[in-house]
Each structure stands twice: as structure tokens, then as C-alpha cells.
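This chain uses plain numbering: 1 for the first residue, then up along the sequence.
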Amino acid sequence: MLRGMATVSYFADDHEAAKEWYAGFLGIEPYFERPGYAEFRIGDHQHELGLIDRKYVPASRGGASGEIVYWHVDDLEATVARLHELGAREHEPITERGPGFVTASVVDPFGNVLGVMTNAHYLAVLAR
């Protein structure tokens, strides 16, 4: 069901400073931006590194943050339903982030956050 790693998301108190820091470190500018969100394509497979303003940390995390790895799936709704059937609980509901980018995350029965998404960028890389 999991096709490949799509996006790793990091949260930052100072989103603009984090964006500048990562741009300097990576030597590239973000390829995709929304208020409070910036995304870089990196590595051999052009995976995505997302920087998110900490004010968007899901309430279910109790203010704690850290990375969430999002795995591309072909059918997001079916995948989330299956995860719930297996005992995972909602961490963040299915949420459209922009055209072609829809995410959801669950907490597995062992306390781990698992992110899943449909990701137009991932599909474009596969099509090459």
C-alpha cells in the first residue's frame, strides 16, 4: 500500500528563519510555498522536505513537534480507512494542502505517527 516516501515535514517557531536556513544549507530555494509552509525538492529522487510554522502543529500532538514522514498512497481514503480498521487513531484528518497534495496522519497502536498522502510530485517523478 505504501508506494514511497513523499514528504518529511519539520516544524519551526520562526518559519521564515527556518526557510532561509534550509535554503542556505541546501543551496536552493523552496519550489512550493504557502503561508506558513515551504517545501524543497532534495536528493536523487527529488523527495520533499517541508517546513511548517509551529502554529500548525496538530492539537493532538499536545504542542510537541518533530518530523512526520508522509508516504505516497494511491487511494488516500481507503488507506486511512484501513489504518483505522487496524486500530490506528486519527492524528490529523484528510486535509487538502494544495492542488495535488492531500495529507492525513494516524497514530499507530504503538504511539508512532504515520503520515500518508496523495502527492502529484511523487507521481511526476515516477512518470519520468
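Linking ILVMFWY residues whenever their side-chain heavy atoms come closer than 4.5 Å, directly or via other members, leaves V116 and L123 in distinct clusters. Y31 and Y37 fall within a single hydrophobic cluster, where Ile, Leu, Val, Met, Phe, Trp and Tyr side chains are chained together by heavy-atom contacts under 4.5 Å. A continuous path of ILVMFWY side-chain contacts below 4.5 Å connects Y56 to V107, so both sit in one hydrophobic cluster. In the hydrophobic clustering of ILVMFWY residues, with side-chain heavy atoms under 4.5 Å counting as a link, V8 and F25 come out together. Note: the hydrophobic cluster containing V69 also contains L76 (ILVMFWY, side chain heavy atoms under 4.5 Å, direct or indirect links).
Rounded to the nearest 0.5 Å, atoms CZ (R97) and CD1 (I52) are 6.5 Å apart. We find the CD-CD1 distance between E77 and I94 to be 5.0 Å, quoted to the nearest 0.5 Å. Atom CD1 of residue I68 and atom NE2 of residue H91 lie 5.0 Å apart, to the nearest 0.5 angstrom. Atom CD in Q46 sits 6.0 Å away from atom NE2 in H121 (nearest 0.5 Å).
Within the 3.5 Å criterion, the main-chain N or O of M5 finds no donor-acceptor partner in the side chain of H45. Between the side chain of H72 and the backbone N or O of N119, at least one donor-acceptor pair lies under 3.5 Å. Here the side chain of H15 pairs a donor or acceptor atom with the backbone of L51 at under 3.5 angstrom.
Residue K19 comes nearest to F40 through the heavy atom pair O-CZ, 3.8 Å, listed as atom of the first residue, atom of the second, then distance. Heavy-atom minimum distance, D74 versus R3: OD1-NH1, 2.6 Å. Closest non-hydrogen pair, A12 versus A18, comes out as CB-CB, 3.6 Å. Counting all heavy atoms, side chain and backbone alike, V73 lies closest to T118 at O-CG2, 3.6 Å. The two residues G115 and S105 come nearest to each other via the heavy atoms CA-CB, 4.0 Å. Here the closest non-hydrogen pair linking A6 and M117 is CB-SD, 3.7 Å.
By the 6.0 Å contact criterion, CD on E29 is open, its count of non-hydrogen atoms from other residues, nucleotides or ligands being 12 or less. Heavy-atom contacts from other residues, nucleotides or ligands closer than 6.0 Å to CD of E33 number more than 12.
Below 30°, between 30° and 60°, or above 60°: for Y22 and Y10 the angle between ring planes is below 30°, a parallel geometry.
A heavy-atom distance below 4.5 Å is found between the side chains of L26 and L49. Within the 4.5 Å cutoff, the side chain of V106 has heavy atoms near those of the H84 side chain. The closest side-chain heavy-atom distance from V125 to R41 is not below 4.5 Å. With contacts defined as side-chain heavy-atom distances shorter than 4.5 Å, the pair L114/D108 does not qualify.
Inspection of the E48 and Y70 side chains reveals no N or O donor paired with an N or O acceptor under 3.5 Å.
Ring centroids of F32 and F101 are separated by less than 6.0 Å, placing the two rings close together.
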